[in-house]
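Okay, so here's the structure we're looking at.
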2 protein chains.
Amino acid sequence: MDTGDRLLTPGEVAALFRVDPKTVTRWAAAGRIGSIRTPGGHRRFRESEVRALLEGEGMLDEAEEMGKPRNVGPAASTGPGPANAGMY
Amino acid sequence: MDTGDRLLTPGEVAALFRVDPKTVTRWAAAGRIGSIRTPGGHRRFRESEVRALLEGEGMLDEAEEMGKPRNVGPAASTGPGPANAGMY
DNA sequence: TTATACTTGGGTAATTCGGGTC
DNA sequence: CATGTCCGAATTACCCAAGTAT
């Protein structure tokens, strides 16, 4: 089925996180947050995913996370939390 | 397999992409998305094509989810070569 | 036939993009 | 290393009126 969640614009996500839209764009470019691109090139973000990030997604042990742009491994680590888009 | 051949109206596609119906019409006019024209001049879009675009089938780099199961779908889809000449 | 909802077209703001810099 | 701001350019959003679709 469809993901069923609405899509948010960079400005919306930026307002939710209290950051600049440009910062949100960088998160998407770094792969830290999933992004859907419109045929025109603009990005759209999943409401559920943004929400999970805002909630803190149950990450209690926030370990320090820094250098990560180099995704060498298959997947696995990197993530303070499952930044995956939860589909419910 | 005709399940994915349903035709969607500009309003439907616009709602899926979280954009204005006018923008969808512009995509069709620019050749970024296939469109069928009704005798009256209105446009209709193929559900399969829109779905593929939403999934981000054209994504290669960013938004690399790590904890995402590599779902190897058997159906490669369709492809009539959607004349996608879009790039930014 | 009438009626309502939607789509079309052009034009003008607002937003976003990408890169570069601090 | 991450974030905020600058610029130019592209894309998108909302305004109008008229026609089509159901």
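Computed from a predicted structure; not experimentally measured. Chain identifiers are assigned alphabetically (A, B, ...) following the order of the sequence lines, protein sequences preceding nucleic acid strands; residue numbering begins at 1 within each chain.
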Quiz item: With sequence neighbours excluded, what pairs up with A:F45 under the ring-ring contact (aromatic ring centres under 6.0 Å, His included) test?
Solution: none
Quiz item: Where along residues 9-22 of chain A does a heavy atom fall under 4.0 Å from DNA chain D?
Solution: A:V19, A:D20, A:K22
Exercise. May I have the distance from A:R32 (atom CZ) to D:dT3 (atom C1'), rounded to whole angstrom?
Key: 11 Å
Exercise. Kindly say whether B:G34 contributes a backbone atom to a donor-acceptor pair with the side chain of B:E49 at under 3.5 angstrom?
Key: yes
Quiz prompt | Short side-chain N/O contact to D:dT11 OP1/OP2 from B:W27, under 4.0 Å | solution = no
What N/O pairs connect the protein and nucleotides 18-22 of chain D at under 3.5 Å? Give each pair on its own line.
from	atom 1	to	atom 2	distance (Å)
D:dA21	OP1	B:T38	OG1	3.0
D:dA21	OP1	B:G40	N	3.1

Exercise. State the CZ-CG distance between B:R18 and B:L16, to the nearest 0.5 angstrom.
Key: 12.5 Å
Exercise. Please report the closest heavy-atom contact between B:L54 and A:R46, naming both atoms and the distance.
Key: O-NH2, 4.5 Å
Practice problem: Send over the distance from B:L8 CG to C:dC6 P, rounded to a whole Å. | Solution: 15 Å
Quiz item: Please, what dot-bracket string fits DNA chain C when only Watson-Crick and G-U pairs with both distances under 3.5 Å count, crossing ones use [ ] and pairs to another strand use |?
Solution: ..|||||||||||||||||...
Quiz item: So which of A:D5, A:V24, A:L8 actually passes side chain to side chain contact (heavy atoms under 4.5 Å, CB included) with A:V50?
Solution: A:L8
Practice problem: Could you pull out all residues at least two apart from A:E12 that satisfy side-chain hydrogen bond (donor to acceptor under 3.5 Å, both in side chains)? | Solution: none
Exercise. Indicate whether OP1 or OP2 belonging to C:dT7 is found under 4.0 Å from a side-chain N or O atom of B:R43.
Key: no
Self-check item: Partner set under side chain to side chain contact (heavy atoms under 4.5 Å, CB included) for B:T23, not counting sequence neighbours
Solution: B:V19, B:D20, B:R26, B:W27
Practice problem: Starting at atom CZ of B:R26, determine the distance to atom P of D:dA13, rounded to an integer number of angstrom. | Solution: 8 Å
Donor-acceptor pairs under 3.5 Å, side chain of residues 35-44 of chain B to any protein atom, not counting sequence neighbours: which ones?
from	atom 1	to	atom 2	distance (Å)
B:R37	NH1	B:G41	O	3.1
B:T38	OG1	B:G40	N	3.4
B:T38	OG1	B:G41	N	3.4
B:T38	OG1	B:H42	N	3.0
B:T38	OG1	B:H42	O	3.3

Exercise. Please check the phosphate of D:dT3 (OP1 and OP2 only) for any side-chain N or O of A:T23 closer than 4.0 Å.
Key: no
